[in-house]
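Quick caveat, the model's predicted, so the values are computed rather than measured. Residue numbers run from 1 in the order of the sequence given.
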Amino acid sequence: MADPAVQELRDRASKLRVFADHVQELPDRVDNEAAKMDWSGPLTDRVRGEIRTWKTRCGDVAERIRQEADRLEEEANRLARRADNANVPL
């Protein structure tokens with residue numbers, strides 16, 4: 001049976017990856033809707049620029065979340081290897 005701590009770390013890593021995907025998708029939805037609109041005016045360029053900035057920031061945050069998920073996965077693997085080595089008969 002797998003160590004509960006290892007499984008917990010892997011579960012958290014998986015949830016973080018899903019969360020990162022959601023963070024990445026948020027500004028895409030706004031950008032897609034804005035692209036469908038026929039709009040113009042003095043603030044149009046500013047709003048579109050803010051959407052692009054938001055997309056960049058969300059992408060950066062999503063990447064950091066994925067890095068944390070990778071770190072948790074690596075820690076889970078390290079713990080699993082340590083547990084396997086502890087169970088090896090000498």
_Pairs satisfying side chain to side chain donor-acceptor pair (under 3.5 Å), at least one member in residues 38-47, at least two apart_ = R46-E50

_Using salt bridge (Lys or Arg N to Asp or Glu O under 4.0 Å), reason through E74 and R78 one step at a time and then give a plain yes or no._
CA-CA 6 Å; E74 287 172 13; R78 188 184 65 76; over 6 Å; no

*Check whether the side chains of D11 and Q7 place a donor and an acceptor atom closer than 3.5 Å, and report yes or no.*
yes

*Supply the atom-to-atom distance D84 CG to N77 CG, rounded to the nearest 0.5 angstrom.*
10.5 Å

_Check E33 with R29, please: is the shortest side-chain N to carboxylate O separation under 4.0 Å?_
no

*Looking only at non-hydrogen atoms, find the nearest pair between R48 and A34 and report the distance.*
NH2-O, 4.4 Å

*Given side-chain contact (heavy atoms from CB on, under 4.5 Å), test E8 with D3 step by step and report yes or no.*
CA-CA 9 Å; E8 176 67 22; D3 183 351; over 6 Å; no

_Name of the residue among E68, E63, E73 meeting salt bridge (charged side-chain N to carboxylate O under 4.0 Å, His left out) with R17_ = E73

Using distance only, find each side-chain donor-acceptor pair of residues 52-60 under 3.5 Å and give its atom names and separation, not counting sequence neighbours.
{"from": "T53", "atom 1": "OG1", "to": "G49", "atom 2": "O", "distance (Å)": "3.0"}
{"from": "K55", "atom 1": "NZ", "to": "D31", "atom 2": "OD2", "distance (Å)": "3.2"}
{"from": "T56", "atom 1": "OG1", "to": "R52", "atom 2": "O", "distance (Å)": "3.1"}

*Please check if V61 and L72 belong to a single hydrophobic cluster, counting links between Ile, Leu, Val, Met, Phe, Trp and Tyr side chain heavy atoms closer than 4.5 Å.*
yes

*Should V6 and L16 be regarded as members of a common hydrophobic cluster, given that ILVMFWY residues are connected when their side-chain heavy atoms come within less than 4.5 Å of each other, either directly or indirectly?*
yes

_If you apply the rule side-chain contact (heavy atoms from CB on, under 4.5 Å), what do you find for D21 with R66, and how did you get there?_
CA-CA 9 Å; D21 291 343; R66 288 184 186 101; 3.0 Å; yes

